[in-house]
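To start, the structure itself, in structure tokens.
Values in this document were obtained by computation on a predicted structure and should not be read as measured data. Naming: A, B, ... by sequence-line order, numbering from 1 per chain.
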Amino acid sequence: QQQVKQSPQSLIVQKGGISIINCAYENTAFDYFPWYQQFPGKGPALLIAIRPDVSEKKEGRFTISFNKSAKQFSLHIMDSQPGDSATYFCAATSHSGGYNKLIFGAGTRLAVHP
Amino acid sequence: EPEVTQTPSHQVTQMGQEVILRCVPISNHLYFYWYRQILGQKVEFLVSFYNNEISEKSEIFDDQFSVERPDGSNFTLKIRSTKLEDSAMYFCASSRQIEAFFGQGTRLTVV
């Protein structure tokens, strides 16, 4: 029940295209859903996050869509650029304890071809 | 921009030795974490630390591991009697409220 399932495992998109990564969770106590971007040899960097009281959040080219009833959320990268090539992790946590134990998905390796 | 810093960036150790991984969290953050990422796999929670004590630990975080905040700025992860399977990237993270920020990681190689 603590798992977060992420798909696809890898994704190839042409420059200018839309990249879509999906995640699903089981634990209804989760109340915060961040996405992290990781470049090789670097730590995960917080990209965008959403709480379940909204269905969509947009920051620049990055949008999270959230479906509470289906317990699914997705990351959309519009106008994908070669510089977006990285591994993307969705995560989830229940923030009730004050601290933030993140449960990560398995990751999606995105390659944006010019 | 404030960031979480980790040292060393790469540590090679002999099996059975003890290692200490160091982290300087963001200065006004209250919660500190260690995560582990085995090569090519997902990031896994190890432990969270608040108010000078462990608030939660995972099944991975057994008696081989310990954490400490020895002073007002550093946060350390000690791994005793290292095993080959401890080879991984270890990430420190910190948060003030809900947003967690990660360091660049320490690559631990046990030989």
Top contributor to chain A interface from B:S48, B:G105, B:G40 [non-hydrogen pairs under 4.5 Å]: B:S48

Flag if over 12 foreign heavy atoms under 6.0 Å of CG, B:L39: no

Cluster link B:F101 to B:L46, ILVMFWY, side chain under 4.5 Å: no

Exceeds 12 heavy-atom contacts within 6.0 angstrom, atom NZ of B:K57: no

Neighbour count above 12 (heavy atom, 6.0 Å) for B:E85 CD: yes

ILVMFWY network linking A:F73 to A:I77, side-chain heavy atoms under 4.5 angstrom: yes

Neighbours of chain B found in residues 46-67 of chain A - heavy atoms under 4.5 Å: A:L46, A:R51

Cluster overlap B:V47 with B:V19, hydrophobic side-chain contacts below 4.5 Å: yes

Cluster overlap B:Y31 with B:Y35, hydrophobic side-chain contacts below 4.5 Å: yes

Shortest non-hydrogen contact between B:I98 and A:Y32, atoms and distance: CD1-CG, 3.2 Å

Side chain, backbone, both or neither of A:P44 within contact of chain B (heavy atoms, under 4.5 Å): both

Heavy atoms of other groups near B:R69 CZ, more than 12 under 6.0 Å: yes

When A:I103, A:T93, A:L102 are compared by non-hydrogen pairs under 4.5 Å with chain B, the top option: A:L102

Pick from B:F45, B:Y50, B:F49 with the largest number of heavy-atom pairs that fall under 4.5 Å of chain A: B:F45

Shared hydrophobic cluster for B:L21 and B:F32 (ILVMFWY, side-chain gaps under 4.5 Å): yes

Residue part contacting chain A, namely of B:Q37, when any heavy atom lies under 4.5 Å: side chain

Sorted by number, residues from residues 35-43 of chain A in contact with chain B (heavy atoms, under 4.5 Å): A:Y36, A:Q38, A:G41, A:K42, A:G43

B:S55 OG to A:K101 NZ distance, which is reported to the nearest 0.5 Å: 10.5 Å

